[in-house]
Amino acid sequence: MVKLNKDDFNEHIFTRINNLIQDYKLIKEGELIAVALSGGKDSILTLHALKNYQKLLNFDLVAISVDEGIEGYRQHGIDSAINNAKNLDIELVQKSFNAEEGFTLDDIYSDFKSACIPCGVFRRNILNKTAYELGASKIATGHNLDDEIQSFLMSFARGDTIKFSKFGPELDVIHPKLVPRIKPLWNTPEKEVGMWAVINNIDIHLDECPYSHLSLRAKIKEFLNTSEDKCPGVKNNVMGSFQKMLTFENDINTSLNECEVCGQPTSSDICKACELKNLISQNCEGHICNK
Ligand code: SF4
């Protein structure tokens, strides 16, 4: 790899992000963009990159953090989110599972095969509701190139081809209550995100979630990193195949209904969050573990 000094590296990483935003028209003038800010390196870079992009385009930023309630882990992330939002003069709206749903992830995770199942469902739900209430036109997430490749393989592994419609740097508006997502780091490798945080001495949350080892994502991440070490180029090849596949027309039906219980957008009659809350309230075990 070519040696870069700090300024060159920052220009390299921000230029690529700026180009992606411009090429895909991820942000339009006058929009309010809500950054999903966990305090990890990816979401923190997303916040800094969009603040930097405000030099090129007139739009507004707000950040949203969601405390899932993971004892001994999440608070450091929240602290990093608070510090970075404050340093960049961006409003941070803080939400939590406990305040919104009446339980923490620690309270309910054991009902599931992986804590990531309820974690992802309730976090997405809270983020969407909050962004919608704030009047944000898009939610910017910190998904990087490695995340995207992992998600692609996870969908393959699960036979969940409907998720293919969720790939790419932006998701279309498919329901007025579903705030569309953009991924400004979509083509930024995870390694470079880490390098950016280190060489700029950015306050980020580096700890690993205590539940992450149980997830399919962690296993696929390890597989991809090992494969890349042994056969450099594997990740790029997977991404290339994936992009070619997405050029084929598909007939995935992405129309949404409104949840009969809470009114949030859903592809079923009842949204995933309400379905899980119902199961949690029944203290149901076993059969939901295989969802
Ligand atoms: Fe949630 Fe899983 Fe991420 Fe931990 S690793 S924060 S449980 S999604």
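Start at 1 and go down the list; that is how both ligands and their atoms are numbered. Note that these values count all heavy atoms, side chains included, but never hydrogens, waters or copies made by symmetry. This structure is a prediction, so every number in the text was calculated from the model and none was measured.
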Report task. Would you mind listing which atoms of ligand 1 come within a distance below 4.0 Å of any non-hydrogen atom of S212? Result -> 5 (S)
Query - C209 neighbourhood, listing ligand 1 atoms whose heavy-atom distance to it stays under 4.0 Å - result: 4 (Fe), 5 (S), 6 (S), 7 (S)
Query raised in the report: Is it the side chain, the backbone, both or neither of C119 that has a heavy atom closer than 4.0 Å to ligand 1?
Result: side chain
Requested in this report: Please report the shortest heavy-atom distance between I70 and Y211, naming the atom on each side.
Outcome: CG2-CE1, 3.9 Å
Query raised in the report: From atom 2 (Fe) of ligand 1 out to just under 2.8 Å, does an N/O/S atom of C116 turn up?
Result: yes
Query raised in the report: Can you tell me how far CD1 of I17 sits from CG of N52, rounded to the nearest 0.5 angstrom?
Result: 8.5 Å
**Report entry** Heavy-atom pair with the smallest gap, counting every atom of V234 and E228
**Finding:** N-OE1, 3.2 Å
Query raised in the report: Will you find, in the side chains of S212 and R217, an N or O donor that is under 3.5 Å from an N or O acceptor?
Result: no
Query raised in the report: Does atom 3 (Fe) of ligand 1 have any protein heavy atom closer than 4.0 Å?
Result: no
Report summary line: On a heavy-atom basis, the closest approach of F97 and C119 is CZ-O, 3.6 Å
